[in-house]
Amino acid sequence: MQYWKPEGAFFVGDCIPFWHGGVYHLFYLLDENHHQGLGGMGGHQWAHATTSDLVHWQHHPLALAIDDDFERSICTGTPFFHDGRYYAFYATRLPDWRQVLGRAVSDDGVHFTKLQPNPFAVPPHGYNPLHFRDPVVFADAGGDGYHMLVTSMRDDWPLAGRGGCLAHLHSPDLQEWQMREPFLVPGFDDAPECPDYFAWNGWYYLLFSNHLTTRYRISRTPLGPWLRPPVDVLDSPLARVMKTAAFGTKRRIGAAWLSTRTGDRDDGKLQWGGNLVLREIVQHADGTLSTKFVAEAAPPGGEPLALQARPVTPGATCQDQTIHLQGTSGLEGAVVENIPLNVRIRMEVQPHPEAATFGLRLRGDTFAGGYELTFHLPERMVKLHDTTIYGVEGLEHPFSLEIVAYEDLLDVCIDARRCIINRCPQQRGDKLFLFAHDAEVTLHNLQVEPLLR
């Protein structure tokens, strides 16, 4: 399922993972032609797949389908298990674009029935009726009923345009809900979408997406205060609206989507909906989070190819699977040829003291072509084509690097603790360039293996 999309003009939209009874449920918005369903109103419905091992998946019928004229899109929400039944809390987009909340129940977690009244909650006075969606529900840690957080926008906020918030509703029984003061007003210029809430090893986490980029906050107490970590973007900007679920008792698996680009061009506008992206969530001792590849979900690969790097400039030396680039006073490089289109590339990177910049150019015919993956050590920054992640610690020390090139996407995992992904449709060269710019770098154990799908 890694990098999967439905057939034809359908795509994966917002993901809603859920763990119960040894099964990882992946609900997701089934998107048609990038939010163009039902005249551009979305026309989304909850699709559903399950797995117990992250390798073998079963696809199910639609969990929540559009079956009434007033439903123009079934928006994101949350499953919840209570007293032997599965609940699905979701939002509905109405013909006039207003958003309201609905509920459904199931005895098996697969077949859901919508409950009346529908809707059971609407935006109250002071809240923008076009922003009332993506409910997430969780039990109070002290046994005081249940909480619901809803993507919202306060129209009466004193800082105009910055009233995007997580509305807070409370219920003693999952039936009757009362509004409370906003749970979080993060201060951005949009509504915080697709919230996610969970507790993990003594920490509490609150996720939300800002312009589709997933951010998170941490706390030592269930209801906050919510603190911003030094790097608050979870994964990378193009792993859109990631939500997470437990997998067993010690792991969490995130699910997001990677946008397609208009016209299948490298500079094309990023579109709504795309391919599924799965991530293992990494928790650090200070409570911060990061991501790495999910081992079980990796595309299967063949035996490493017998490819040999060769120097391109005088400061490069290549022996077996080791490349040394002495570029402390300029730019030095080496090249590996005959790289398959769909491939996994692995290596160990050893930067030498005072290294500034090094990286790779993927899928190039010449060094000027392809896609650049660059490590900027002084800035603690990594850039892949036109997307960037910041605050990448440890680049000055030896680290592992894994790259998956699959069809038109490039996915990178740095030291099993930071990831960056991008959609790169046009370049199809078969050369891999390795370079060091004002840096000395040694690349060990270079392995290139073709993907088998």
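The figures here come from the full heavy-atom set of this structure, side chains too, leaving out hydrogens, waters and symmetry mates. Residues: numbered from 1 along the sequence shown. What you see is a predicted model, and the numbers here were worked out from it, not measured in a lab.
One distance of note links CG of Asp134 with CG of Leu101; it measures 9.5 Å at 0.5 Å rounding. Rounded to the nearest 0.5 Å, atoms CG (Asp173) and OH (Tyr146) are 8.5 Å apart. Remark: Trp57 CH2 to Thr50 OG1 distance equals 8.0 Å, nearest 0.5 Å. For the atom pair NE2 of His444 and CD of Gln447, the computed distance is 14.0 Å after rounding to the nearest 0.5 Å. Within the model, atoms OG1 of Thr291 and CG of Leu278 stand 11.5 Å from one another, a figure rounded to the nearest 0.5 Å. Rounding to the nearest 0.5 angstrom, the gap separating the CG atom in Asn422 from the CG atom in Leu384 is 5.0 Å.
Under a 3.5 Å cut-off, the side chain of Arg180 and the backbone N or O of Pro182 do not form any donor-acceptor pair. With hydrogens and angles disregarded, no donor-acceptor distance shorter than 3.5 Å links the side chain of Trp257 to the backbone of Leu238. Listed for the Thr78 side chain is no donor-acceptor partner under 3.5 Å among the backbone atoms of Pro135. Checking side-chain atoms of Tyr24 against main-chain N and O of Ile253 turns up a donor-acceptor pair under 3.5 Å. Not one N or O on the side chain of Thr260 forms a donor-acceptor pair closer than 3.5 Å with the backbone of Gly274. Not one N or O on the side chain of Gln45 forms a donor-acceptor pair closer than 3.5 Å with the backbone of Ala65. The main-chain N or O of Pro192 is never found under 3.5 Å from a side-chain atom of Arg215 such that the two would form a donor-acceptor pair. Put simply, the side chain of His34 gets close to the backbone of Trp272: a donor and an acceptor are under 3.5 Å apart. Checked by atom type and distance alone, the side chain of Asp415 pairs as donor or acceptor with a backbone atom of Ser400 at under 3.5 Å. Counting only distance, with no hydrogens or angles, the side chain of Asn210 and the backbone of Thr213 share no donor-acceptor pair below 3.5 Å.
Using modelled atom types and a 3.5 Å distance limit, the side chains of Asp196 and Thr244 yield a donor-acceptor pair. A donor atom on one side chain and an acceptor atom on the other are not found under 3.5 Å apart for His131 and Asp190. In this structure, a donor-acceptor pair under 3.5 Å is present between the side chains of Asp411 and Tyr3. Counting only N and O atoms by type, the side chains of His147 and Tyr197 include no donor and acceptor under 3.5 Å apart.
Ring geometry, Phe81 versus Tyr86: the interplanar angle exceeds 60°, so the pair is classed perpendicular (tilted spans 30 to 60°). A tilted orientation is assigned to the rings of Tyr205 and Trp203, their planes being inclined by 30° to 60°. Aromatic ring pairs are classed by plane angle as parallel below 30°, tilted from 30° to 60° and perpendicular above 60°; the pair His35 and His44 is perpendicular. In this pair, Trp177 and Phe120 present their aromatic rings tilted. The plane angle is within the 30 to 60° band. In this pair, Tyr87 and His82 present their aromatic rings tilted. The plane angle is within the 30 to 60° band.
Glu372 pairs in a salt bridge (Lys or Arg N to Asp or Glu O under 4.0 Å) with only one of the listed residues (Arg361, Arg363, Lys383), which is Arg361. When Gln426, Arg423, Arg261 are each tested for a side chain to side chain contact (heavy atoms under 4.5 Å, CB included) with Asp266, only one passes: Gln426.
For the residue pair Thr51 and Leu54, the shortest heavy atom distance occurs at OG1-N, 2.8 Å. Between Val185 and Arg162, the shortest heavy-atom contact is CG1-O, 3.8 Å. For the pair Cys419 and Asp235, the tightest heavy-atom approach, listed with the atom from each and the gap, is CB-OD1, 3.2 Å. Across all their heavy atoms, Leu451 and Val404 have their closest contact at CD1-CG1, 4.0 Å. The shortest non-hydrogen separation linking Phe293 to Glu280 is O-CB, 3.9 Å. When every heavy atom of Ile421 is checked against every heavy atom of Ser236, the shortest pair comes out as N-OG, 3.3 Å.
With contacts defined as side-chain heavy-atom distances shorter than 4.5 Å, the pair Pro299/Tyr406 does not qualify. The shortest side-chain heavy-atom distance between Arg93 and Cys75 falls under the 4.5 Å cut-off. With a 4.5 Å cut-off on side-chain heavy atoms, Ser259 and Phe11 do not count as touching. A 4.5 Å side-chain heavy-atom check between Leu362 and Ile345 finds at least one atom pair inside the cut-off. In this structure the side chain of Leu26 reaches within 4.5 angstrom of the side chain of Cys15, judged on heavy atoms. With a 4.5 Å cut-off on side-chain heavy atoms, Met148 and Ser171 do not count as touching. The shortest side-chain heavy-atom distance between Thr288 and Val231 does not fall under the 4.5 Å cut-off. Side-chain contact between Ser73 and Leu38: absent, with no pair of heavy atoms (C-beta onward) separated by less than 4.5 Å.
The pair Glu407-Lys5 does not meet the salt-bridge criterion, since no charged nitrogen lies less than 4.0 angstrom from a carboxylate oxygen. Ion pair Glu193/Arg133 flagged as a salt bridge, since at least one NZ, NE, NH1 or NH2 atom sits closer than 4.0 Å to an Asp/Glu carboxylate oxygen. The pair Asp67-Lys114 meets the salt-bridge criterion, with a side-chain N (NZ, NE, NH1 or NH2) lying under 4.0 Å from an Asp/Glu carboxylate O. Remark: Arg344 engages Glu449 in a salt bridge, criterion side-chain N to carboxylate O under 4.0 Å.
Under a cutoff of 6.0 Å and an axis angle of 45°, Arg103 and Tyr90 do not form a cation-pi pair.
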(request) Kindly indicate, with the supporting measurements, whether the criterion side-chain contact (heavy atoms from CB on, under 4.5 Å) is fulfilled by Lys292 and Arg279. (result) CA-CA 6 Å; Lys292 64 180 181 180; Arg279 290 290 194 246; over 6 Å; no

(request) Tell me, with the steps shown, if His170 and Asp144 meet side-chain contact (heavy atoms from CB on, under 4.5 Å). (result) CA-CA 9 Å; His170 181 267; Asp144 181 24; 3.8 Å; yes

(message) One pair to check against side-chain contact (heavy atoms from CB on, under 4.5 Å): Trp200 and Leu289. What are the steps and the verdict?
(response) CA-CA 11 Å; Trp200 197 14; Leu289 301 176; 4.0 Å; yes

(request) Begin with the C-alpha distance, continue with both residues' side-chain angles, and end with the deciding distance and a verdict on side-chain contact (heavy atoms from CB on, under 4.5 Å) for Val382 and Leu395. (result) CA-CA 9 Å; Val382 178; Leu395 294 179; 4.1 Å; yes

(message) Run the ring pair (Phe, Tyr, Trp, His ring centres under 6.0 Å) test on Phe375 and Phe358 for me, step by step, so that the C-alpha distance in whole Å, both residues' side-chain angles and the decisive distance to 0.1 Å come before the verdict.
(response) CA-CA 5 Å; Phe375 299 84; Phe358 58 87; 5.3 Å; yes

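The number of heavy-atom neighbours closer than 6.0 Å to NE2 of His211, taken from other residues, nucleotides and ligands shown, is above 12. Enclosure of atom CD in Glu303 is not indicated, since only 12 or fewer non-hydrogen atoms of other residues, nucleotides or ligands lie within 6.0 angstrom. In Asp69, the CG atom is not crowded: 12 or fewer heavy atoms of neighbouring residues, nucleotides or ligands sit closer than 6.0 Å. Heavy-atom contacts from other residues, nucleotides or ligands closer than 6.0 Å to CD of Gln178 number 12 or fewer. Heavy-atom contacts from other residues, nucleotides or ligands closer than 6.0 Å to NE2 of His56 number 12 or fewer. Other residues, nucleotides and ligands contribute at most 12 non-hydrogen atoms within 6.0 Å of the CZ atom of Arg98.
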